[in-house]
Amino acid sequence: IKYDVSNLPIGLLIRDGDKIGIIYREIKSGTWSEQPLFNWRINYEIYYEDGSVCVMGSDTIERLLESGKLEIIGEDK
């Protein structure tokens with residue numbers, strides 16, 4: 001399964017190094033600009049099994065997935 005990092009499902013399990021996390025919330029923020037008229041930035045709130053919380057941008061998630069430092073649990077390799 002390939003995921004579009006700009007539209008990750010809530011409840012998706014990830015492995016971040018030696019920690020397991022779940023995507024808990026999508027946070028969209030945007031700014032007005034000339035072209036296009038509105039630019040969205042998408043962040044995800046991730047809860048880890050050790051109780052820690054992280055807010056990570058979709059660009060960062062994409063980069064970490066490509067480098068292998070972050071993986072989606074249950075995804076075929």
Side-chain angles (χ1 to χ4, degrees):
I1 300 171
K2 286 289 185 188
Y3 290 97
D4 174 7
V5 294
S6 65
N7 192 25
L8 292 174
I10 303 304
L12 185 69
L13 292 174
I14 61 167
R15 182 181 314 276
D16 184 356
D18 60 348
K19 299 190 298 185
I20 304 295
I22 185 169
I23 294 183
Y24 179 76
R25 182 176 310 166
E26 178 183 83
I27 305 165
K28 285 186 179 180
S29 61
T31 57
W32 286 102
S33 64
E34 294 297 321
Q35 289 295 331
L37 293 177
F38 205 71
N39 289 325
W40 284 110
R41 170 145 172 90
I42 300 170
N43 295 304
Y44 293 98
E45 191 169 348
I46 303 168
Y47 280 76
Y48 292 98
E49 86 261 311
D50 64 0
S52 63
V53 179
C54 173
V55 175
M56 195 178 298
S58 60
D59 293 344
T60 301
I61 291 174
E62 184 172 32
R63 190 172 54 253
L64 291 173
L65 284 169
E66 288 173 358
S67 71
K69 294 181 180 179
L70 189 77
E71 64 183 85
I72 295 171
I73 296 176
E75 181 179 45
D76 294 334
K77 291 188 176 184

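By convention here, the first residue in the shown sequence is residue 1. All figures in this text were calculated on a predicted structure; none of them were measured in a lab.
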Any idea which heavy atoms bring [X] and [Y] closest together, and the distance?
X: Arg15; Y: Ile20; result: NH1-CD1, 3.3 Å
X: Leu64; Y: Met56; result: CD1-SD, 3.9 Å
X: Lys19; Y: Glu49; result: CA-OE2, 3.6 Å

- Task: Could I get the full list of salt bridge (charged side-chain N to carboxylate O under 4.0 Å, His left out) partners for Arg25, not counting sequence neighbours?
- Result: Glu45
- Item | Results of ring-ring contact (aromatic ring centres under 6.0 Å, His included) for Tyr48 - residues two or more places apart only | none
Is there a path of hydrophobic side-chain contacts, each under 4.5 Å between heavy atoms, that joins [X] and [Y]?
X: Ile10; Y: Val5; result: yes
X: Leu12; Y: Val55; result: no
X: Ile73; Y: Tyr24; result: yes

- Lys69 atom NZ: more than 12 heavy-atom contacts under 6.0 Å: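 Counting neighbours around NZ of Lys69, 12 or fewer heavy atoms of other residues, nucleotides or ligands fall under 6.0 Å, so no.
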First locate atom [atom1] of [X], then atom [atom2] of [Y], and finally report the distance between them rounded to the nearest 0.5 Å.
X: Ile61; Y: Ile72; atom1: CD1; atom2: CD1; answer: 8.5 Å
X: Asn7; Y: Ile42; atom1: CG; atom2: CD1; answer: 7.5 Å
X: Asp50; Y: Asp18; atom1: CG; atom2: CG; answer: 8.5 Å
X: Glu26; Y: Asn43; atom1: CD; atom2: CG; answer: 9.5 Å
X: Ser58; Y: Arg63; atom1: OG; atom2: CZ; answer: 10.5 Å
X: Asp16; Y: Leu70; atom1: CG; atom2: CG; answer: 5.0 Å

- Donor-acceptor contact present, side-chain Tyr44 to main-chain Leu8, <3.5 Å: yes
- Enumerate the residue pairs fulfilling ring pair (Phe, Tyr, Trp, His ring centres under 6.0 Å) with a member in residues 51-73, sequence neighbours excluded, ordered by first and then second residue.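 The answer is none; no pair qualifies.
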